[in-house]
Peer 1: 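Provided herewith is a single structure, encoded as structure tokens, for subsequent inquiry.
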Amino acid sequence: MTPSETSSIPALPKDFSSDELTLGVVGLGYVGLPLAVEVARAGIHAIGFDVQERVVDGVQKGESHIQDVPSEAVAELRSSGRLEATTDMSRLGECDVISICVPTPLGKTRDPDISYILEAGRTIAHALRPGQLVVLESTTYPGTTREVLLPLFEARGLEPGRDFYLCFSPERVDPGNEVWQTRNTPKVIGGITPACIEAGTAAYSRFIDEMVPVSSPESAELVKILENTFRAVNIALVNETAQIADRLGVDIWEVIEAAATKPFGFMKFTPGPGLGGHCIPVDPHYLSWKMRTLDFRTRFIELASEINSEMPAFVVQKVREALNRNRKPVNGSKVLVLGVAYKPNIDDVRESPAIDVIRELEKDGAQVEYHDPYVPEVVDQDRRWVGVSLTAERLDAADVVVIVTDHRDFDLEWIFDRARILVDSRNATGKLAQERGEGEPQRWIVKSPSGSA
Ligand code: SAJ
């Protein structure tokens, strides 16, 4: 677009208050679909863009592929005509606002993979027209919005804050959280220019209860990484403390419960089998990578990652100890793993530590089966595991039962009573074991016929 053409650009719609607003969401995953639904519920025409036909067809038919979004909500918004989905990226030109909610995984070498952001940016740049607001939501390293997306849009001869708006607003979706959802979770937003921040705040205020403007996209990008690094580091702290308590013969969960009685200055985190999900184990590494390019080492992130990655092996060591006390080698033992999702009550297995636990046990020759009511099968790299039903026979037949993820659906008393040996990485049955006078003081091996070593 030549400078003379841009000078005739109509004034940007400053407040995005008009009802005939159209908002496009690029990427209909666990962030994008809830966002599109919230936007449509607010009376704004929401168009979901996704490259997967299956995803688009599902939404068009009024079905949800995301556990936290009921299909009824999608169907209702489809019938009201406020929500639609398409693979036709040329329709991006119809949108006044475009939110980018694509994955930001780590590549094979654990470096950021921003190929999805680049692909979305190029597609949007192609359709970009004067007056549009573009908001990147995908978690990424500070600088991505300005260094990667902005040049793609400026190449069209458009100037941010004058011809279009560009912001970063991190997603804060907590899968499975029934209290804090897209609409009522405060949302941070930073823009390339003050006018961008003003436009982004005005647009998002139409469907988000509380907006939190900050001075730049870099600030908003770092807010998100700090939030997730905070969790990764504190989870690593309790995981290391769990290893310390184990060696001291102390019940780590008793220690944490007691520490959590401090009414100020302490925040409870609990040890477990490791760090799963597509955010907490991943996002901090985006900052590590960026800071390495600036010759700075993010030591907390690297140490936290190291400690959290030790936990699957720690759980397998507990299984080994429990079998050993009963004069059973791991090799040839039947192990039943309960819960493979990366955290309770969801169906997502990305980066799940349960997969590391299963692989490690199989490496030692164990015959491993898993049961997870949310996860019928697991495919990871070269392997595929199919979940089994949880029956009394299976519990009786297992040499050891291992709770890796404690879904609320589990009948813990039944499991505790039927399991011959029970290893519990989430302290789901700690109280039961205490009531029954069973298990080791450290609470990881909660039931073992031979008692403690
Ligand atoms: N975990 C522990 N101990 C804890 C808390 C969590 O071992 O005390 C483990 C979980 O089992 C899980 C992993 O850490 O494997 C991540 O758990 P998470 O509760 O952080 O859950 P995510 O990754 O699904 O969602 C998080 C959001 N969760 C919370 O804030 C509670 C939030 O940090 C982000 O909005 C989201 O990641 C994201 O998308 O970044």
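Remember, predicted model here, so these are calculated numbers, not experimental data. Order of listing sets the numbers, starting from 1, for every ligand and every atom in it.
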Peer 1: Please report the shortest heavy-atom distance between G249 and P441, naming the atom on each side.
Peer 2: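 Looks like O-CB, 3.7 Å.
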Peer 1: Give me the ring orientation class for Y374 and H407: parallel if the planes are under 30° apart, tilted from 30 to 60°, perpendicular past 60°.
Peer 2: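 Ring orientation of Y374 relative to H407: tilted.
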Peer 1: Is a donor on one side and an acceptor on the other found under 3.5 Å between the side chain of R110 and the backbone of G107?
Peer 2: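 Between the backbone of G107 and the side chain of R110 there is no qualifying donor-acceptor contact (under 3.5 Å).
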Peer 1: Less than 4.0 Å is my threshold; does some heavy atom of G276 fall inside it relative to ligand 1?
Peer 2: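 In this structure, G276 qualifies as a contact of ligand 1 - some heavy atom is under 4.0 Å.
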Peer 1: Does ligand 1 have a heavy atom under 4.0 Å from the side chain of F230, from its backbone, from both, or from neither?
Peer 2: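 Under 4.0 Å from ligand 1, F230 contributes no heavy atoms.
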Peer 1: Over 60° means perpendicular and under 30° means parallel, so classify the ring planes of F410 and H371, tilted if in between.
Peer 2: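 Answer is tilted, since the angle falls between 30° and 60°.
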Peer 1: Only heavy atoms of R172, strictly under 4.0 Å: list the atoms of ligand 1 that pass.
Peer 2: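 Listed by number with element: 35 (O).
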Peer 1: At a 4.0 Å threshold, what atoms of ligand 1 neighbour a non-hydrogen atom of N228?
Peer 2: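 The atoms of ligand 1 under 4.0 Å from a heavy atom of N228 are 33 (O), 34 (C), 38 (C), 40 (O).
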Peer 1: Can you tell me which residue and heavy atom of the protein come closest to atom 36 (C) of ligand 1, and the distance to 0.1 Å?
Peer 2: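 Here the nearest protein heavy atom works out to V173 O, 3.3 Å.
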Peer 1: How far is atom 27 (C) of ligand 1 from its nearest protein heavy atom, and which residue and atom name does that atom have?
Peer 2: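 I find the closest protein heavy atom is D174 OD1, 3.6 Å.
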Peer 1: Heavy-atom contacts with C279 under 4.0 Å: which atoms of ligand 1 show up? List them by number with element.
Peer 2: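 Those of ligand 1 that fall under 4.0 Å from C279 are 36 (C), 37 (O), 38 (C), 39 (O), 40 (O).
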Peer 1: So, K290 and E221, do they make that salt bridge, N to O below 4.0 Å?
Peer 2: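 No, no charged N to carboxylate O under 4.0 Å.
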Peer 1: Using a strict 4.0 Å cut-off to heavy atoms of P175, name the atoms of ligand 1 that fall inside it.
Peer 2: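 So the atoms of ligand 1 that pass are 24 (O), 25 (O).
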Peer 1: So is R426 polar-close to ligand 1, meaning N/O to N/O under 3.5 Å?
Peer 2: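 Yes, there is a polar N/O contact under 3.5 Å.
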Peer 1: Check each of E227, E171, K224 against atom 34 (C) of ligand 1 and report the one with the nearest heavy atom.
Peer 2: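 Comparing heavy atoms across E227, E171, K224, the nearest one to atom 34 (C) of ligand 1 lies in K224.
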Peer 1: Which is it for W289 and Y141 under the ring-ring contact (aromatic ring centres under 6.0 Å, His included) test, yes or no, and what are the steps along the way?
Peer 2: CA-CA 8 Å; W289 174 85; Y141 60 82; 4.9 Å; yes
Peer 1: Just how far is it from atom CD1 of I403 to atom OG of S425, taken to the nearest 0.5 Å?
Peer 2: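 With rounding to 0.5 Å, CD1 (I403) is 8.0 Å from OG (S425).
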Peer 1: What residue and heavy atom of the protein are closest to atom 6 (C) of ligand 1, and at what distance?
Peer 2: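 Answer, as residue, atom name and distance: I235 CD1, 3.5 Å.
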Peer 1: Distance alone, cut at 3.5 Å: any donor-acceptor contact between the side chains of T139 and T104?
Peer 2: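 On atom types as modelled, these side chains do not qualify, holding no pair under 3.5 Å.
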Peer 1: Who's the nearest protein heavy-atom neighbour of atom 23 (O) of ligand 1, and how far?
Peer 2: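 Answer for atom 23 (O) of ligand 1: I280 CG1, 3.5 Å.
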Peer 1: Which residue supplies the protein heavy atom nearest to atom 19 (O) of ligand 1, what is that atom called, and how far is it?
Peer 2: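 So the nearest neighbour among protein heavy atoms is R231 NH2, 3.0 Å.
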Peer 1: Please work out which of L237, T270, V282, V404 has its closest non-hydrogen atom nearest to atom 7 (O) of ligand 1.
Peer 2: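 Checking each option, the heavy atom nearest atom 7 (O) of ligand 1 is found in T270.
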Peer 1: So, the side chain of S389 versus the backbone of T391: is there a donor-acceptor pair under 3.5 Å, distance only?
Peer 2: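 Side chain of S389 to backbone of T391, a donor-acceptor pair under 3.5 Å: no, none is there.
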Peer 1: For W444 and W253, take the angle between the two ring planes, folded into 0 to 90°, and tell me which bin it lands in: parallel under 30, tilted 30 to 60, perpendicular over 60.
Peer 2: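 Rings of W444 and W253: tilted, as their planes differ by 30° to 60°.
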Peer 1: Would you check whether L275 reaches within less than 4.0 Å of ligand 1, judged by its heavy atoms?
Peer 2: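 Checking ligand 1 against L275, which is what was asked, there is a heavy-atom contact under 4.0 Å.
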Peer 1: Of the protein's non-hydrogen atoms, which lies at the shortest distance from atom 21 (O) of ligand 1, and what is that distance?
Peer 2: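 Looking at atom 21 (O) of ligand 1, the protein heavy atom closest to it is K343 NZ, 3.2 Å.
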Peer 1: In the protein, which heavy atom is nearest to atom 10 (C) of ligand 1, and how far is it?
Peer 2: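 The closest heavy atom on the protein side is Y342 O, 3.9 Å.
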